[in-house]
Amino acid sequence: MADDEPAAKKDSFDSLTRAQLIALLRKQEHAKKLGLVWERDAIAHDKALNRSFASARLIPDQCERPAPWENLVIEGDNFDALRWLRMAYRGMVKCIYIDPPYNTGNKDWVYNDDYVDKTDRYRHSTWLEFLYQRLLIARDLMAEDGVMLISINDENRARLELMADEALPGMKVGSLVWRTRNGSNADQVAYLSPDHEHILVYSSSSFQFAGTEKSYKGYDNPDSDPRGDWQPVSMKLGFSYIDRPNLYYPIKDPETGIWYPCNPDEVWRYARSDRVRVGQRLQTQPIEDWIAQDRIRFPADQRVEQFTSESQLMAAIDSGDVPKSGRTPLLRRGLPDLEFWIGKKIGYGTPRRKLFRSELRRSTQPLSSWIAYTPDEQTEGSNRIHSGSAGAGSTVVKQLFGKKAFDHPKPLGLIRGVVQQAVQPGDLVLDFFAGSATTAQAVMELNAEDGGGRRFIMVSSTEATKDEPDKNLCRDVTAERIRRLNANEDKYADLSAGFAYLRMDTSDTLFIDDAITPAAAWNTLEAMHDLPLTEWADGEPHALHAAEHVTLALVDRVSDGFAADLAKARNTAPVFVYAFAPGQVERLGLPDVEIRNIRETLEKRFFQ
């Protein structure tokens, strides 16, 4: 073992038997594959999932606005918070956006003390493992049509993307690119200024961005077609006449008798009836039908030539005086059936299909992966998100707090843009590196704009250290930003978002009964049934929460009034009663009620 080997690695290998070392070597040999490999066995990766139980405790004096609370701010290690969220919100989150630490080696985040040191030879691996454990859990929170968006700089994009491919297999969509600043001439490697960062996009197969509103500037109705406005579109297909010989044919305008040659490098998109094989199924109607329906726009003002002999045609071909598509001649030596064109009226224009506005399948166009810089001119019909530079995020925070309360917040316009593209009204948004709560403000602004009722969950640690034991980023920045937005009615009159403030607790699995208090269980069960959170009243024997889709009850101890209270609260929706002693509830003989054991339910959801 080399002298410069980390002590933890020495100890981990020295403690292994010969058989264990052989098994480890065989495992490593079989684990080799194309892609990213990091030294998981050489670092102390987080085993907390198997040795502790995470619970969330409501902190009433830190909650914002009266209950019920649709939104959450969670204080604690995001690994613990994610484990609790998986138990409570599994499969419910439409959009996860995170801006994780960038593995720069700078001490700009609290986890550096335990995970990352600039001189650590395993620095990249510890960072990857740190995020890998969290992405594994986060993917279970995603809805069937959910998406995860991950910000990263250019330096670490490759590592993070390969790791995310492993943590989120088959979910990669692509990435968005945004401009962080307007160039710098100072001290750049190879005189290349790193002005851009990335947002990696991972989603389930049914997710789609909203897209951007289409511009109908090119649509009009010059021929008064009763089908409405239209624009001419190409009929070309990206195959040559050799690749698709059946789609290489001339087209005739039945009104003028003018013929149009096909581009030998980009054949027609539509088949000709006499070239369709028996039993062959077409994806669209043949060209004759398009023409008969007046769906083909033939050129009006164009050059028309007629070659009376083969020599005249060949002379035109050799001189390049034939119809062209760009610089590509549509007639040239070596093409089949050149004699067909002798004596024909040949049009030098190109037929195009009439695309009617009413035929468009969607009212939006796909979102561009390039995020435009806000100071740049915004063109009509642009299919991009627009964002300011990185400094724009700091400006917003400073305006709210009157000082620099957080380092390097993302621009509000950027987060608002991606959230607007990713979620619909009523959807749930999660940020488990919430920092200054830019994501929360983005959700609040979108709701103020359309009343959409989007919800957020912000997770942030205290970032307390030995030097700053009383520091609490979650309370004093994350939650405080939302409070200040709510309070500043002059500037943010339409913004309002109450939230439940939760603090994470962990306990050894041997003491799980102590962790599952009625208050902790109540909020978890409310979340599981997609209900806003309320406060458990200490000393009460039970609690009820009725909504249109469910009636929920938690029974700490059976009282004489429980059956009557339940009957009064319930409606036609399904009823779920959770109890520490379900047998006592069963003796009541409640009709049409599903009774569940609290500990068994929560343990199963937490550890599965």
Side-chain angles (χ1 to χ4, degrees), residues 53-63 65-72 74 84-92 428 455 498-505 507 509-608:
F53 178 81
S55 57
R57 175 163 44 97
L58 187 74
I59 311 299
D61 62 355
Q62 293 296 326
C63 295
R65 306 284 172 89
W69 297 289
E70 296 279 2
N71 308 297
L72 306 183
I74 303 177
W84 179 79
L85 288 168
R86 181 169 59 178
M87 174 174 59
Y89 289 91
R90 182 186 294 266
M92 296 186 190
L428 181 60
R455 299 166 292 153
F499 58 81
Y501 192 97
L502 304 177
R503 183 170 292 148
M504 294 309 306
D505 294 320
S507 59
T509 52
L510 296 174
F511 306 103
I512 195 170
D513 285 328
D514 295 333
I516 304 177
T517 64
W522 177 238
N523 290 147
T524 305
L525 294 170
E526 285 181 309
M528 281 171 46
H529 288 279
D530 199 21
L531 292 167
L533 269 55
T534 59
E535 185 178 0
W536 170 269
D538 289 337
E540 290 296 319
H542 60 261
L544 295 163
H545 195 155
E548 291 184 1
H549 68 284
V550 68
T551 296
L552 174 69
L554 186 153
V555 178
D556 184 21
R557 60 185 186 278
V558 177
S559 64
D560 294 338
F562 172 67
D565 289 346
L566 179 62
K568 184 179 179 180
R570 68 182 298 178
N571 49 33
T572 57
V575 179
F576 296 89
V577 176
Y578 292 85
F580 291 99
Q584 296 179 14
V585 179
E586 291 171 356
R587 294 191 189 99
L588 299 177
L590 302 172
D592 300 321
V593 170
E594 183 169 339
I595 301 170
R596 297 176 177 177
N597 184 291
I598 292 175
R599 173 169 175 167
E600 289 180 0
T601 299
L602 298 187
E603 273 194 303
K604 181 179 180 181
R605 288 181 66 93
F606 187 83
F607 291 110
Q608 70 178 177

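Only this structure's heavy atoms are used, side chains among them; waters, hydrogens and symmetry mates stay out.
The two residues Arg570 and Thr551 come nearest to each other via the heavy atoms CA-OG1, 3.6 Å. Among all heavy-atom pairs drawn from Trp69 and Gly498, the shortest one is CD1-C, 4.2 Å. Closest approach of Cys63 to Ala500, counting heavy atoms only: SG-CA, 3.8 Å. Of all the heavy atoms in Arg86 and Arg90, the pair that sits closest is O-CB, 3.1 Å. Taking both residues in full, the closest heavy atoms of Ala546 and Ala569 are given as CB-O, 3.4 Å, listed atom of the first, atom of the second, then distance. In plain terms, the two heavy atoms of Pro574 and His549 that are nearest each other are CD-O, 3.5 Å.
With His542 as the fixed residue, the ring-ring contact (aromatic ring centres under 6.0 Å, His included) test singles out one of Phe580, Trp522, Trp536, Phe562: Phe562.
Residues satisfying the side-chain contact (heavy atoms from CB on, under 4.5 Å) test with Glu600, not counting sequence neighbours, are Asn597. By the salt bridge (Lys or Arg N to Asp or Glu O under 4.0 Å) test, Asp505 is found to be paired with Arg57, residues two or more places apart in sequence or in another chain being considered. By the salt bridge (Lys or Arg N to Asp or Glu O under 4.0 Å) test, Asp514 pairs with no residue at all, sequence neighbours left out. Checked against side chain to side chain donor-acceptor pair (under 3.5 Å), Trp84 has the following partners two or more places apart in sequence or in another chain: Thr524. The side-chain contact (heavy atoms from CB on, under 4.5 Å) check on Ala521 picks up Ile516, Leu554, Ile598, Leu602, with sequence neighbours excluded.
Between Met92 and Arg455, the closest side-chain pair of non-hydrogen atoms is not below 4.5 Å. Residues Asp556 and Glu540 form no side-chain contact, since every pair of their non-hydrogen atoms from C-beta on lies 4.5 Å or further apart. Using a 4.5 Å cut-off on side-chain heavy atoms (C-beta onward), Met528 and Thr601 make contact. Two residues are said to be in side-chain contact when any heavy atoms from C-beta on lie closer than 4.5 Å; Phe606 and Thr509 fail this criterion. A heavy-atom distance below 4.5 Å is found between the side chains of Phe53 and Met87. No side-chain heavy atom of Val593 sits less than 4.5 Å from a side-chain heavy atom of Leu588. When side chains are defined from C-beta on, Asp592 does not count as touching Val575, because their heavy atoms never get closer than 4.5 Å.
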Quick one: do Asn571 and Glu548 satisfy side chain to side chain contact (heavy atoms under 4.5 Å, CB included)? Show the steps, please. CA-CA 8 Å; Asn571 49 33; Glu548 291 184 1; 5.6 Å; no

Evaluate the criterion side chain to side chain contact (heavy atoms under 4.5 Å, CB included) for residue pair His545 and Val550; output intermediate values, then yes/no. CA-CA 8 Å; His545 195 155; Val550 68; over 6 Å; no

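Of the inter-residue distances, the one linking Leu544 atom CG with Leu552 atom CG reads 8.0 Å to the nearest 0.5 angstrom. To the nearest 0.5 angstrom, Arg503 atom CZ is 12.5 Å from Ile74 atom CD1. A distance of 9.5 Å separates CD of Glu70 from CG of Leu428, quoted to the nearest 0.5 Å. Asn71 CG to Leu533 CG: the interatomic distance, rounded to the nearest 0.5 Å, is 10.5 Å. Separating the CD atom in Glu535 from the CG atom in Leu58 is a distance of 5.5 Å, to the nearest 0.5 Å.
For residues 574-586, the set of pairs meeting the side chain to side chain donor-acceptor pair (under 3.5 Å) definition, not counting sequence neighbours, comprises His529-Tyr578, Tyr578-Arg596.
More than 12 heavy-atom neighbours from other residues, nucleotides or ligands sit within 6.0 angstrom of CD on Gln608. Counting heavy atoms of neighbouring residues, nucleotides and ligands inside a 6.0 Å radius, atom CG of Asp560 does not exceed 12 of them.
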